[in-house]
Enquirer: 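My questions all concern the structure below.
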Amino acid sequence: MHWQTARFRIDLSRPRVMGIVNVTPDSFSDGGQHGTAAAGIAHCKRLVEEGADILDIGGESSRPGATLLTVEEEWQRIAPVLAEAVKLNVPISVDSFKAEVMRRALDAGADIVNDIHALESDEALRAVQAQPQAGVCLMHMRGDSQTMQGLAQYEDVTVEVGRYLDARARAVREAGIAAERIVLDPGYGFAKTTEHNLALLARQSELLKLGYPVLAGLSRKRMVGDLTGRPVGERLAGSLAAALAAVAQGARIIRVHDVAPTVDALTLWVAAGGSTGSTDRQ
Ligand code: 8Y4
């Protein structure tokens, strides 16, 4: 099993780690634009040294209630980081739901588009279509960062997320994007309560029936905080266990903040013969 991206065909025979690079002035306290870029580039290099298989670079916060950036603001944040990151010899994903940012990022050498709106906008679909080999991660959510919290209502969250991702993957393939370029993501925490996230995690392997690799992002999220009672800075152990649970339920790419500990945990998991979901008994 592989994920085809612009420059790299990523081997998914073992679970892969996607390292999160947030290029936001508030994630690096010095505030100024040059300092933000320099810190973002340093973070990319650090995560690659720690063993990240993919870097996911984003300039806009997807958190509930976060203020939205213009294309120019978002691009000014990520462009200088992307320019250096593409030299690091690892696949680069751009975390954006804006078609113009996707277009510019792919032109600048990004390999993957990580769209929390699963290419629902025709313009975003066209941006990915325009690059013959670019990879795409299609994530489930409802509404947007402003409205999603009120939309966390499901009869059966796993079935509903599966139906949505199936419909999005079909639409993307009908637009001419090959199946091997597509990865699906249940979107933990996006229009979902902790109860929904747990139900989805327990049955995540059902999503594999759709025929695509699954990416999971649970790192430091509220579910980990709710279950452990820990603030965001103390969620590493919970996040590692969540990563292993996601792998046991078939995830092939794990999106995390803490790359080195996640690589170690996955190395031990695989060496010890831990389940990786897809082929062995569930
Ligand atoms: C602490 C730190 C608390 C981070 C919450 C958060 C996903 C994603 C995000 C995901 C994919 C986040 C951009 C939310 N989550 N993309 N993006 N999958 N594909 N929150 O799960 O990390 S941002």
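Computed from a predicted model, the values in this text were never measured in an experiment. As the structure lists them, so they are numbered: ligands from 1, and atoms in each ligand from 1.
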Enquirer: Which residue holds the protein heavy atom closest to atom 3 (C) of ligand 1, what is that atom called, and what is the gap in Å?
Expert: Arg220 O, 3.4 Å
Enquirer: At a 4.0 Å threshold, what atoms of ligand 1 neighbour a non-hydrogen atom of Asp95?
Expert: 13 (C)
Enquirer: Apply salt bridge (charged side-chain N to carboxylate O under 4.0 Å, His left out) to residues Arg126 and Glu123 and explain how you reach the verdict.
Expert: CA-CA 5 Å; Arg126 282 196 294 272; Glu123 218 198 329; 5.8 Å; no
Enquirer: To the nearest 0.5 Å, tell me how far Lys98 NZ sits from Thr70 OG1.
Expert: 7.5 Å
Enquirer: Under a single-linkage rule joining Ile, Leu, Val, Met, Phe, Trp and Tyr whose side-chain heavy atoms are separated by less than 4.5 Å, which residues share a cluster with Leu240?
Expert: Leu236
Enquirer: Drop me the distance from Thr194's OG1 to Lys192's NZ, to the nearest 0.5 angstrom.
Expert: 12.0 Å
Enquirer: What's the shortest distance from atom 12 (C) of ligand 1 to any protein heavy atom, and which residue and atom give it?
Expert: Lys221 CE, 3.5 Å
Enquirer: Strictly by modelled atom types, are Gln131 and Asp107 linked by a side-chain donor-acceptor pair under 3.5 Å?
Expert: yes
Enquirer: Which ligand 1 atoms, with their elements, are less than 4.0 angstrom from a heavy-atom of Cys137?
Expert: 19 (N)
Enquirer: What atoms of ligand 1 come within less than 4.0 Å of a heavy atom belonging to His257?
Expert: 2 (C), 4 (C)
Enquirer: Suppose we measure from atom 22 (O) of ligand 1 to each protein heavy atom; which comes out shortest, and what is that distance?
Expert: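 That would be Arg255 NH1, 3.4 Å.
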Enquirer: Starting from atom 16 (N) of ligand 1, locate the nearest protein heavy atom and write down its residue, its atom name and how far away it is, to 0.1 Å.
Expert: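 Its nearest protein heavy-atom neighbour is Asn114 ND2, 3.1 Å.
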Enquirer: Other than Val224, what residues sit in its cluster of Ile, Leu, Val, Met, Phe, Trp and Tyr side chains whose heavy atoms are under 4.5 Å apart, directly or through others?
Expert: none
Enquirer: Under 4.0 Å from a heavy atom of Val232: give me the atoms of ligand 1 that qualify, with their elements.
Expert: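 It comes down to these atoms of ligand 1: 1 (C).
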Enquirer: Within the 4.0 Å heavy-atom shell around Gly217, which atoms of ligand 1 are there?
Expert: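 Here the atoms of ligand 1 in question are 21 (O).
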Enquirer: Working to the nearest 0.5 angstrom, can you tell me the gap between Thr158 OG1 and His196 NE2?
Expert: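 So the OG1 of Thr158 and the NE2 of His196 are separated by 10.0 Å.
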Enquirer: Using distance alone, decide if ligand 1 has a nitrogen or oxygen within less than 3.5 Å of any nitrogen or oxygen in Asp185.
Expert: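 Yes, Asp185 has an N/O under 3.5 Å of an N/O on ligand 1.
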